[in-house]
Each structure stands twice: as structure tokens, then as C-alpha cells.
Amino acid sequence: MISKVLALETSCDDTSVAIVTEGGWVLSLVSKDQDLAHDPYGGIVPEIASRNHTQALLPLIEIALNKSNLKFSDLDGLVVTNRPGLIGALIVGLVTAKSLALVYELPLLGVNHLEGHLLAPFLRDQDYEPPENFSYPYVALAISGGHTSLYLVEAPRRYRVLGKTRDDAAGEVFDKFAKMVGLGFPGGPKVDQEARDGDPQAFHFPRVLFDNRSLEMSFSGLKSAAARLIESLGPEQTLKKRKDLCASFQEAVVETLWTKLERAARAFAVPRIVLTGGVSANSRLRTLATQAAAKNGFQLVVPPLRYCTDNAAMIGYAGLERLRVGESHGPDLGPSPTLWPGDFYDESP
Ligand code: KG4
Ligand code: ZN
């Protein structure tokens, strides 16, 4: 029986290693971000990401094993994110996982990174466990620098895409906006911080909701509106009004995201809502979601930040559940920049 896996995540700019056991118990999770390496460029440089993964991965694996007092021979499987993501970055994790699986004769499973995000609420450790009455089905919004998608998580391994952004991801617009107002990378946490002392009504930014049933999203109009406003204000005023700009911009993103989530929960009569991905760290989103969920009788689950941002624990859990039902991949497993057919079903609501 497969009960303990080593999981590797290198799909973007976080190198992460975890050991996960059945029931979603995280025995160890160690990660290294690359924020300083990408900061001078104001965004992720794929080649730099791959290079940093190459340096960080093996040392992190050693730390993860030591932390949980385990040896390779104690493991039952190797799990790795093989899609979607930056190809060069994925290859680092994939080749490492394949080599270890071969040497230690362990079953291997390539995981869809987004499935990991969707299953994050099931992870548990000494400091966190999911609410007792939390179960399938639930509506989940995966919001990060690379993706902004809304799902109906119906049952294990059965995920329906309800809507996604037609252009930029929410985290990406936070990062781009931060750059426009002179904050560094990654911009999301910096905008969040600035916004705390700003007036969310000071400026008006568009909320793109399409018609009143649509679950699709779009943030490029918001980004252009911000660029126009900042240009008309000029550098001096932009700096002076930065807190208000951040608060107003953040309010537009957060209101749009929550509107879509609530709409989806109502449309599918599902009273459970999950927020996951790096942007779910946003303090205003958390406040608004908590208040609105309480008011409308939804159960809101936001996994702790260590399981919301890119991490190998969520990948380990997703892979473990699949290995346990007999799935595995051979030594010819490849990386993919995009999803595989069948990862999600039904693109339209
Ligand atoms: O999930 P994640 O760690 O990595 C990706 O898969 O992209 O998400 C990172 C994204 C970045 O765009 C970052 O700016 C955003 O999440 N982010 C935030 C906050 N913390 C991180 N956005 C808004 N408010 C935050 N507090
Ligand atoms: Zn992610």
C-alpha cells in the first residue's frame, strides 16, 4: 500500500519539496523562493528560474528527509509537478523525480499543478487541520501569478472548470500594477501592504463582470485603466497618492473575484467555497470573503498560506491519492507547458 510520498514542485519560481502521508498529513515541507533573483526584472525570468531550481532542489530534498527522519528507502512513491508550467523549470523537478524513482525502484506520478491547488484544503499538520465538516463538492478559486480559474470540485479526481481569466491572471495584474506605482516584485504583498492605509473609494477602477451570469474573468481592461490613470497623474502625484491608488485598485480586483465566486456557489447550489493560490493571501480578499460568506451562509475555507502559495505538499497529496488508486507514469513521462486533455472537464458553465 502506498502511504508515504516524496513530492517535488518546480513549475514556476518556487522550489519546494514535501513528504506527505495518507490523509493529507504533511511530514515535512521545505521551500525556497527566488524573489530576489527575479526582482531586478519585475517579473519571472524562466531561464533564471530553471537555474535556481537546479541549485536548490537536491539540498531541499535532503532537508525534507532529515526533518522527518526518513530515508529514501522509507518512501513508497515519487510525485512531481509535470504540468502546466515553465518548461525549463518543470524539467528540473521531473528529471530529478524520474532519476530517484528509477534508482530507488519507486512508482512515479506526474501531477497537474492546478489539481494540487484545488486539493490544498485537505492538507493537515501539527498546527492546522481542515474544518471537520469540510467535504466535496465545493467551489474553488485558484488565484496566483499564473492562473485565475474557478472550479467545481465535485469529487476526487473530478473537476469542472467554470470560468477563467480571458487574459491576465489576478496575481499578474497585482505585480504589473505594483511596477507601475514603483513597488518591487512580487507586487501583490506590497500593494496589499500599501492599501492598508489607503482609501478604496479614492479612485474608480473598472470591474469587468461581463453579463450577470458569466463566470469568466478579465483583468487586462483594469490594467490599461490603471496605466492611463498613472500616466495622467504623473510620477509625483502617483507617489503621493500611492496608498489610495493601491487600495482602490485592490478593491476592484477583490470585488470582481468575490462576485464570481459567490455567483458560482449560487449557480451550482454548493455552500462550500475555497480560496487558494498566492493571491488568497490578500488581506482585503480574506476580510471581504469572510464577511460575505458569514452573511450568506457559505462555509469558507482558506488553507494556511504555506499550502496556498506554490508548495510541494499539495502536489504530494494530489499524487498520493492517484497512486493509491493505481495510477502511475513510466520513465517516458514528459513535461507540458499546458494542461493535459482530461485534466478538467467541461470548459463552459
Ligand atoms: O501561488 P503563487 O505563490 O505562485 C504562482 O503560482 O504564481 O502566487 C504568487 C502570486 C504573485 O503574483 C503575488 O504578487 C501574488 O500571488 N500575491 C498577492 C499577495 N501575496 C501574493 N497578491 C495580492 N495580495 C497579496 N497579499
Ligand atoms: Zn500555482
Side-chain angles (χ1 to χ4, degrees), residues 7-16 18 29 31-35 38-39 41-46 49 53 81-86 89-90 93 111-120 140-149 151 164-165 168-181 183-196 198 200 219 222-223 246-247 249-258 274-289 302-315 317-318 337-339 343:
L8 313 182
E9 156 65 40
T10 63
S11 65
C12 193
D13 62 338
D14 291 297
T15 318
S16 183
L29 169 62
S31 308
K32 189 168 191 296
D33 73 45
Q34 308 176 357
D35 291 350
H38 299 286
D39 181 54
Y41 307 94
I44 295 160
V45 182
H53 287 313
T81 305
N82 79 314
R83 67 193 189 279
L86 303 170
L90 288 168
V111 168
N112 160 14
H113 176 87
L114 290 164
E115 180 181 19
H117 276 303
L118 295 183
L119 299 184
L141 183 64
I143 11 170
S144 69
H147 17 258
T148 297
S149 310
Y151 302 90
K164 49 186 159 190
T165 178
D168 294 5
E172 197 181 343
V173 287
F174 266 112
D175 294 337
K176 286 179 178 161
F177 178 79
K179 203 174 169 185
M180 290 180 212
V181 296
L183 297 167
F185 175 83
K190 293 181 170 137
V191 173
D192 190 349
Q193 188 62 40
E194 284 281 295
R196 278 172 209 201
F219 296 102
L222 173 63
K223 190 179 64 186
C246 286
F249 174 85
Q250 174 176 269
E251 198 66 14
V253 179
V254 164
E255 269 186 28
T256 306
L257 294 173
W258 181 257
V274 168
L275 285 178
T276 184
V279 182
S280 61
N282 185 267
S283 60
R284 176 64 190 136
L285 178 60
R286 285 181 176 229
T287 306
L288 182 100
V302 191
L305 204 53
R306 58 187 174 282
Y307 300 142
C308 275
T309 56
D310 282 355
N311 70 87
M314 66 184 192
I315 302 303
Y317 180 65
T338 53
L339 293 165
D343 276 338

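Just so we're clear, the structure is a prediction, and the values are computed from it rather than from any experiment. Each ligand, and each atom within it, is numbered from 1 in the order the structure gives.
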task: Provide the number and element of each atom of ligand 1 under 4.0 Å from a heavy atom of T309.
output: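 In order of numbering, the contacting atoms are 1 (O), 3 (O).
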**Request:** Under 4.0 Å from a heavy atom of G146: give me the atoms of ligand 1 that qualify, with their elements.
**Result:**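 It comes down to these atoms of ligand 1: 7 (O).
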Residues in salt bridge (Lys or Arg N to Asp or Glu O under 4.0 Å) with [X], at least two apart?
X	value
R196	D192
E255	R207
K223	D168

Which residue and non-hydrogen atom of the protein lie closest to [atom], and at what distance in Å?
atom	value
atom 26 (N) of ligand 1	D192 OD2, 2.8 Å
atom 17 (N) of ligand 1	G278 O, 3.7 Å
atom 22 (N) of ligand 1	G188 CA, 3.3 Å
atom 15 (C) of ligand 1	V279 CG2, 3.9 Å
atom 10 (C) of ligand 1	G145 N, 3.5 Å

- Hey, can you tell me if H113 and H147 have their rings parallel, tilted or perpendicular (30° and 60° cut-offs)?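 The rings of H113 and H147 sit tilted, inter-plane angle from 30° to 60°.
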Problem set entry | Atoms of the protein (N/O/S only) found under 2.8 Å from the Zn ion (ligand 2) |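 Checking every protein N, O and S atom gives H113 NE2, H117 NE2, D310 OD1.
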Requested in this report: Using atom types as modelled and distance alone, determine if a side-chain donor or acceptor of E9 lies under 3.5 Å from a backbone N or O of S16.
Outcome: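 Flag not set: sc E9 to bb S16 has no pair under 3.5 Å.
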Next on the checklist: If you define the side chain from C-beta out and look only at heavy atoms, does anything of T276 sit under 4.5 Å from L119?
Outcome noted: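 Not touching, per the 4.5 Å side-chain cut-off.
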field: 4.5 Å side-chain heavy-atom contact, I44 and L86
entry: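 A side-chain contact exists here, since the closest heavy-atom pair is under 4.5 Å.
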>> Under 4.0 Å between a side-chain nitrogen and a carboxylate oxygen: does that hold for E172 and K176?
In response: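 Yes, this pair counts.
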Exercise. Can you name the nearest heavy-atom pair linking I315 to G116, along with the distance?
Worked result: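 In this case the closest contact between I315 and G116 is CD1-CA, 4.3 Å.
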Which of the listed options, N282, L285, D13, D310, holds the heavy atom that is closest to atom 24 (N) of ligand 1?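 Minimum heavy-atom distance to atom 24 (N) of ligand 1 goes to N282.
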(message) Please state which option from I44, V254, D175, V191 has its nearest heavy atom closest to atom 11 (C) of ligand 1.
(response)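 Residue with the shortest heavy-atom distance to the ligand atom: D175.
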Report the part of C12 in contact with ligand 1, treating N, CA, C, O as backbone and CB onward as side chain, heavy atoms under 4.0 Å; options are side chain, backbone, both, neither.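 Under 4.0 Å from ligand 1, C12 contributes no heavy atoms.
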